[in-house]
2 protein chains.
Amino acid sequence: MTPEITVLDRLLEVSELFQKDMARAFAGTPLTPSRTRLLWELAASGPSTQHALATRLEVSPRNITGLVDALEAGGYVTRSPHPSDRRAIIVSLAASAQAFMRDMQRDHAELSAELLGAVAPADRAALLRGVEAIAGRLRELVEAEEQRGEAAEARAVGE
Amino acid sequence: MTPEITVLDRLLEVSELFQKDMARAFAGTPLTPSRTRLLWELAASGPSTQHALATRLEVSPRNITGLVDALEAGGYVTRSPHPSDRRAIIVSLAASAQAFMRDMQRDHAELSAELLGAVAPADRAALLRGVEAIAGRLRELVEAEEQRGEAAEARAVGE
DNA sequence: TATTGTTATACTCTATAACTATA
DNA sequence: TATAGTTATAGAGTATAACAATA
């Protein structure tokens with residue numbers, strides 16, 4: 001009774017291969033998956049406080065301190081004072097990192113196109129719809145889990 | 001010029017959500033993604049030496065030592081001497097973990113079915129073909145990268 | 001009193017290198 | 001001489017808790 005290989009397994013394999021590819025691409029640089037993720041977030045949302053980054057990336061503020069420390073040391077980001085709140089720090093992409101992120105985005109788009117190109121043209125629309133449906137359903141399931149978890153926590157606190 | 005959301009992005013999102021779901025499911029247990037991965041490997045391939053696990057999971061033998069230490073302490077696996085090679089150690093799933101893994105496989109299969117169920121029946125065949133094609137192409141790309149890397153290493157050693 | 005970021009501490013994952021016991 | 005696993009060491013990601021400066 002060997003378990004069947006399912007669509008889900010293939011999706012997870014794609015993600016694993018993708019991460020392997022990234023790791024190889026960034027070997028020899030100070031960029032790690034977590035740091036790269038922070039750079040993507042900065043590229044997408046613009047200069048942000050560390051607190052905002054922690055919230056959006058769903059990690060602890062302490063964790064952001066470490067990631068920003070490393071990225072700042074590598075010249076990828078800069079820290080500057082918040083104009084009105086002297087407790088806060090604004091993290092921005094360094095000028096060179098902006099060009100770097102544009103390259104990353106271009107490479108990512110090219111890879112996406114390359115992979116979609118491997119799919120039979122007649123299958124592409126259904127593939128897109130199908131993946132969208134799977135992502136949507138999984139989002140629902142995870143959200144339901146989260147709410148159940150929060151409810152349990154609230155009960156525990158209330159006791 | 002906001003980057004488009006692509007099939008690849010959706011695939012990566014699915015993987016991220018899946019991992020989030022796993023993390024939630026294993027909260028409060030000593031099971032982490034790496035340890036769970038080792039358990040899956042043992043369930044799939046049967047009792048194995050640590051060296052074999054290191055090779056198949058593509059991590060260092062030292063890393064396996066730590067993972068097996070934790071899993072052994074948690075009662076998930078047992079270490080026993082190799083029958084003919086006194087250097088080697090055989091790692092096996094503990095009896096309780098065998099039942100546990102059957103449950104995991106069942107849950108995984110149910111989740112896969114649930115997600116495929118969210119896809120319009122008419123789209124399913126094309127989805128399967130499409131995801132297979134993407135995984136295949138990405139496998140090729142990563143393999144090509146690997147070989148280029150090895151060639152470069154060989155040149156460096158030869159110098 | 002609440003919030004922002006940091007220091008302190010701890011655990012996990014991971015790797016390389018040196019070492020022990022065995023092959 | 002080569003291999004299996006461990007000890008030693010180190011860097012990275014992550015979390016919580018305590019604390020300083022500011023709101």
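Here is the naming used below: chain letters follow the sequence lines, and residue numbers restart at 1 for every chain. Below, each value reflects all heavy atoms present in this structure, side chains not excepted, and no hydrogens, waters or symmetry copies. Quick caveat, the model's predicted, so the values are computed rather than measured.
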**OP:** Quick one: do A:R148 and A:E145 satisfy salt bridge (charged side-chain N to carboxylate O under 4.0 Å, His left out)? Show the steps, please.
**Re:** CA-CA 5 Å; A:R148 212 178 313 164; A:E145 272 304 320; 3.4 Å; yes

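- Regarding A:H82, its NE2 atom lies at a distance of 9 Å from the P atom of C:dG5, rounded to whole Å.
- Side-chain atoms of B:S60 and B:N63 form no donor-acceptor pair, as typed in the model, at a separation below 3.5 Å.
- For A:S60, the side-chain atoms get nearest to D:dT16 when compared with the rest of D:dT16, C:dC13, D:dG13.
- Regarding contacts with the backbone of D:dA21, every side-chain N or O of A:R86 stays at 4.0 angstrom or more from both OP1 and OP2.
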Its contact letters, B for base, S for sugar-phosphate only and - for none at protein heavy atoms under 4.0 Å, make nucleotides 3-10 of chain D read BSSBBB--

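- A straight line from CG of B:L31 to C1' of C:dC13 spans 15 Å, rounded to a whole angstrom.
- At a threshold of 4.0 angstrom between heavy atoms, the contacts of A:S34 are confined to the sugar-phosphate backbone, with no base atom among them.
- Note on ring orientation: taking the six-membered ring where Trp is involved, the planes of A:F18 and A:H108 are perpendicular (angle over 60°, cut-offs 30° and 60°).
- The residues B:E58 and A:K20 are annotated as salt-bridged, a charged nitrogen and a carboxylate oxygen being separated by less than 4.0 angstrom.
- What separates CZ of A:R37 from P of D:dA12 is a distance of 18 Å, to the nearest Å.
- The pair B:R10-B:E13 counts as a salt bridge, with a side-chain nitrogen and a carboxylate oxygen less than 4.0 angstrom apart.
- Nucleotide C:dT4 holds its P atom 17 Å from the CG atom of A:N63, rounded to whole Å.
- Cluster annotation: B:L67 is not connected to B:I90 through the hydrophobic network of ILVMFWY side chains, with a link wherever side-chain heavy atoms come within less than 4.5 Å.
- Contact annotation for A:T55: no contact, since no heavy-atom pair falls under 4.0 Å across all strands.
- With sequence neighbours left out, B:S45 forms a side chain to side chain donor-acceptor pair (under 3.5 Å) with B:E41.
- In the region residues 18-28 of chain B, proximity to DNA chain C at under 4.0 angstrom, judged on heavy atoms, holds for none of the residues.
- Spacing between atom CG of A:L38 and atom P of D:dG13 amounts to 10 Å, rounded to whole angstrom units.
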Point to revise | Working for side chain to side chain contact (heavy atoms under 4.5 Å, CB included), residues B:T6 and A:L116 | key: CA-CA 9 Å; B:T6 64; A:L116 191 58; over 6 Å; no

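- A salt bridge links A:R106 with A:D103; the closest basic N to acidic carboxylate O contact falls under 4.0 Å.
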